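A quick note: this is a predicted structure, and the numbers were derived from the prediction, not measured.
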Amino acid sequence: MDTEKVEKARNGNVDEIGNLLMENMKSMYRVAFSILKTEEEISDAISNTTVIVFEKIHTLKNAEFFKTWLIRILINECNKIHRQNKKIIYLENYNQTDLVYNDKYDDLGVRQAIKKLDEDLKTMVILYYFEDFNIKEISEIQKLPEGTVKSRLSRARKKLESIFLDENIRKEDLNLSLIHI
């Protein structure tokens with residue numbers, strides 16, 4: 001993360017705040033997608049996060065941790081929306097493969113496998129493997145001990161392995177060294 005850009009944003013440069021948000025939009029989408037069910041919810045979470053960032057950027061203490069701070073706000077907003085919509089039953093069948101952002105994992109069924117994980121495991125996988133946060137950063141974002149993060153990642157890998165094996169997808173075919181299945 002370019003700390004100079006973050007410093008300008010902290011000092012009230014609106015253009016720089018917008019630039020930082022755009023640079024992190026793909027990461028924000030992936031994290032929101034891992035927690036929420038519909039494009040509308042994802043859009044709401046990202047919009048709410050954007051407003052909060054504009055209002056609270058001056059409270060960021062360390063420019064190095066902008067992305068961690070941003071993702072933490074996003075996760076809190078996603079969890080708020082998820083709690084509010086928990087009791088809603090969706091009658092429409094949304095095609096969850098119509099993603100705004102496509103990446104090399106879409107064709108491999110990884111995204112569908114990740115969607116089958118429990119919410120706590122799904123978030124860990126997205127933050128660690130797709131967003132490249134380390135254990136300590138995830139621990140701070142999720143307000144969990146590092147050991148809990150490690151155990152959830154381990155459980156997620158085992159669960160993904162069983163999902164892939166259930167779907168008769170050979171590990172060699174996946175060519176996903178990052179998941180270490």
Side-chain angles (χ1 to χ4, degrees), residues 21 23-50 67-68 70-135 137-144 146 148-181:
L21 287 167
E23 287 174 16
N24 289 285
M25 192 58 66
K26 189 171 185 176
S27 296
M28 291 170 60
Y29 182 85
R30 283 182 177 160
V31 171
F33 184 83
S34 74
I35 298 171
L36 300 172
K37 297 190 183 327
T38 68
E39 290 295 326
E40 291 80 13
E41 291 174 339
I42 293 167
S43 179
D44 287 346
I46 291 174
S47 296
N48 295 348
T49 300
T50 300
K67 187 171 181 180
T68 302
L70 173 67
I71 298 299
R72 180 184 204 122
I73 292 169
L74 177 65
I75 289 172
N76 288 339
E77 287 303 306
C78 289
N79 288 336
K80 187 188 315 179
I81 290 169
H82 184 68
R83 278 191 306 274
Q84 290 170 346
N85 296 338
K86 203 179 230 180
K87 296 177 184 175
I88 295 174
I89 299 172
Y90 294 96
L91 300 177
E92 298 173 7
N93 185 14
Y94 287 89
N95 184 358
Q96 297 201 4
T97 58
D98 293 337
L99 303 176
V100 173
Y101 295 104
N102 295 316
D103 59 35
K104 63 185 175 182
Y105 304 108
D106 287 342
D107 296 335
L108 301 174
V110 173
R111 199 170 290 284
Q112 288 79 16
I114 290 172
K115 276 297 203 184
K116 293 178 182 179
L117 295 174
D118 295 334
E119 293 299 322
D120 59 337
L121 301 181
K122 191 184 318 179
T123 302
M124 295 295 159
V125 168
I126 296 295
L127 290 174
Y128 189 78
Y129 292 111
F130 289 83
E131 300 308 323
D132 296 324
F133 283 107
N134 63 38
I135 301 292
E137 291 169 330
I138 295 171
S139 171
E140 292 169 5
I141 290 170
Q142 294 289 84
K143 295 181 181 178
L144 294 169
E146 289 182 30
T148 302
V149 173
K150 290 177 184 176
S151 68
R152 287 183 183 176
L153 283 169
S154 175
R155 278 191 319 207
R157 284 190 291 271
K158 288 176 185 170
K159 180 72 175 172
L160 285 170
E161 180 178 20
S162 81
I163 290 168
F164 290 137
L165 292 175
D166 288 348
E167 295 177 3
N168 295 319
I169 300 173
R170 293 184 347 185
K171 290 184 228 178
E172 300 82 37
D173 293 341
L174 289 172
N175 194 18
L176 288 176
S177 60
L178 66 114
I179 293 187
H180 307 294
I181 294 178

To the nearest 0.5 Å, how far apart are CD1 in I42 and CG in L36? 6.0 Å
Can any side-chain N or O of E137 pair as donor or acceptor with the backbone N or O of N134 at less than 3.5 Å? yes
Got a second to check how far E77's CD is from H82's NE2, nearest 0.5 Å? 14.5 Å
Mark yes or no for whether T50, through its side chain, and I46, through its backbone, hold a donor-acceptor pair below 3.5 Å. yes
Working note: Y128 + V149, criterion side-chain contact (heavy atoms from CB on, under 4.5 Å); need CA distance, chi angles, decisive distance, verdict. CA-CA 10 Å; Y128 189 78; V149 173; over 6 Å; no
Does the cation-pi check pass for K115 over F33, that is, NZ or CZ under 6.0 Å from the six-membered ring centre and within 45° of its axis? yes
Please name the residue in the list T123, I138, L144 that meets the side chain to side chain contact (heavy atoms under 4.5 Å, CB included) test with R152. L144
Give the minimum heavy-atom separation between A113 and I163, together with the two atoms involved. O-CD1, 3.6 Å
Short side-chain to backbone donor-acceptor contact, S47 and S43, under 3.5 Å: yes
Establish, from distance only, whether the side-chain atoms of E131 and S27 form a donor-acceptor pair under 3.5 Å. yes
Nearest non-hydrogen partners of L153 and I135, listed with the distance: CD1-CD1, 3.4 Å
Looking at side-chain heavy atoms only, is the closest gap between I35 and I81 below 4.5 Å? no
Shortest non-hydrogen contact from T49 toward A45: OG1-O, 2.7 Å
Closest non-hydrogen atom pair between L74 and A32, with its separation: CD2-N, 4.2 Å
In Å and rounded to the nearest 0.5 Å, what is the CD1 to CD distance from I71 to Q142? 10.5 Å
Does N76 have any side chain to side chain contact (heavy atoms under 4.5 Å, CB included) partners at least two apart in sequence or in another chain, and if so, which? R72
Spacing of R30 atom CZ and I114 atom CD1 [to the nearest 0.5 Å]: 9.5 Å
Would a 4.5 Å heavy-atom cut-off, applied to side chains only, mark E140 and F133 as touching? no
In plain terms, say whether R155 and D120 are close enough for a salt bridge, that is, a side-chain N and a carboxylate O under 4.0 Å apart. yes
Residues that K122 engages under salt bridge (Lys or Arg N to Asp or Glu O under 4.0 Å), provided they are two or more places apart: E119
What distance do R157 atom CZ and M124 atom CE have between them, rounded to the nearest 0.5 Å? 12.0 Å
May I ask you to establish whether K26 and F130 are in a cation-pi arrangement, using a distance under 6.0 Å from NZ or CZ to the six-membered ring centre and at most 45° from the ring axis? no
With a 4.5 Å limit on heavy-atom distance, are the side chains of I75 and L127 in contact? yes
